[in-house]
Amino acid sequence: VALVLARQTLPNLAETAATGDAAGRGGYVLWEPPQRPRLALLATGSEVHLALAAAQSLLVEGIAARVVSLPCWELFERQDAGYREQVLPHWLDRRVAVEAASPLGWHRWVGADGAIVGMDGFGASAPGDVLQAHFGFTVARVMDAARRRLEP
């Protein structure tokens, strides 16, 4: 058992209540846009709300993005291929991961052409919201990374 706590106050996402025991499968679709998605935003933990807010803001611009929560890569890998394809279909190959730590390992899920909004440094000390802005964990940065994935 592990308790992983965030320094900052995080919103309670109503979308997580609708997923039932999906977290036990290691990964699941947290939010689906009303039309076929053009890209996927992947996150876990305290970054899920950023991915969700970015997807909802992108939708206002006419860009449909699926939000996938991947709380446990190992459990997700143990799922049958059909389930993994449901969550991260091969045709949805434009992907952005959001990770408030090292981006190490996320390329496995976003692919060679994917983007990772992650940290390349550490050691700063400040309130959580200041650090999030300092390291670029903002809705605007996630949206920008998503838009770049859609460029020809």
Might you point out which heavy atoms bring Arg38 and Gly62 nearest each other, and give the distance in Å? NH1-O, 4.4 Å

Non-hydrogen atoms of Ala146 and Leu58 that approach each other most closely: CB-CD1, 3.7 Å

All side-chain hydrogen bond (donor to acceptor under 3.5 Å, both in side chains) counterparts of Arg78, not counting sequence neighbours: none

Shortest non-hydrogen contact between Ala65 and Ala55, atoms and distance: O-CB, 3.8 Å

Rounded to the nearest 0.5 Å, how far does CH2 of Trp31 lie from CG of Leu52? 7.0 Å

CD/Glu47 to OG/Ser69 distance, rounded to the nearest 0.5 angstrom? 10.0 Å

For Arg66 and Gln86, work out which heavy atoms get closest and say how close. NH1-O, 3.0 Å

Let me see the working for Leu39 and Leu150 under side chain to side chain contact (heavy atoms under 4.5 Å, CB included), right down to the final yes or no. CA-CA 8 Å; Leu39 70 144; Leu150 296 175; 3.7 Å; yes

Kindly determine whether Phe76 and Tyr28 satisfy side chain to side chain contact (heavy atoms under 4.5 Å, CB included), including the steps that lead there. CA-CA 9 Å; Phe76 187 64; Tyr28 57 94; over 6 Å; no

So if you build clusters from Ile, Leu, Val, Met, Phe, Trp, Tyr with side-chain heavy-atom gaps below 4.5 Å, do Leu75 and Leu70 land together? no

Taking atom CG of Asp80 as the centre, does the number of heavy atoms from other residues, nucleotides or ligands within less than 6.0 Å exceed 12? yes

Who are the salt bridge (charged side-chain N to carboxylate O under 4.0 Å, His left out) partners of Glu61, not counting sequence neighbours? Arg147

Can you list the steps and then say if Arg149 with Arg95 is a side chain to side chain contact (heavy atoms under 4.5 Å, CB included)? CA-CA 7 Å; Arg149 295 288 64 76; Arg95 300 176 182 173; over 6 Å; no

Can you measure from CZ (Arg141) to CG (Leu50) and round to the nearest 0.5 angstrom? 11.0 Å

Closest contact, heavy atoms only, Ala64 versus Leu59: CA-CD1, 4.3 Å

Going by the side-chain contact (heavy atoms from CB on, under 4.5 Å) test, name the single residue among Thr44, Val117, Leu42, Leu104 that passes it with Glu99. Thr44

Count I, L, V, M, F, W, Y as connected when their side-chain heavy atoms are under 4.5 Å apart, and connections chain through other members. Are Val68 and Leu92 then in the same cluster? no

Considering all heavy atoms, the nearest Val139-Ser57 contact: CG1-OG, 4.3 Å

How about Val87 and Gln79: do any of their side-chain heavy atoms sit closer than 4.5 Å? no

Taking the side chain as C-beta and beyond, is there a heavy-atom pair between Val48 and Pro71 under 4.5 Å? no

Go through the steps for Val98 and Leu41 under the test side chain to side chain contact (heavy atoms under 4.5 Å, CB included), then give the verdict. CA-CA 8 Å; Val98 186; Leu41 302 179; 5.7 Å; no

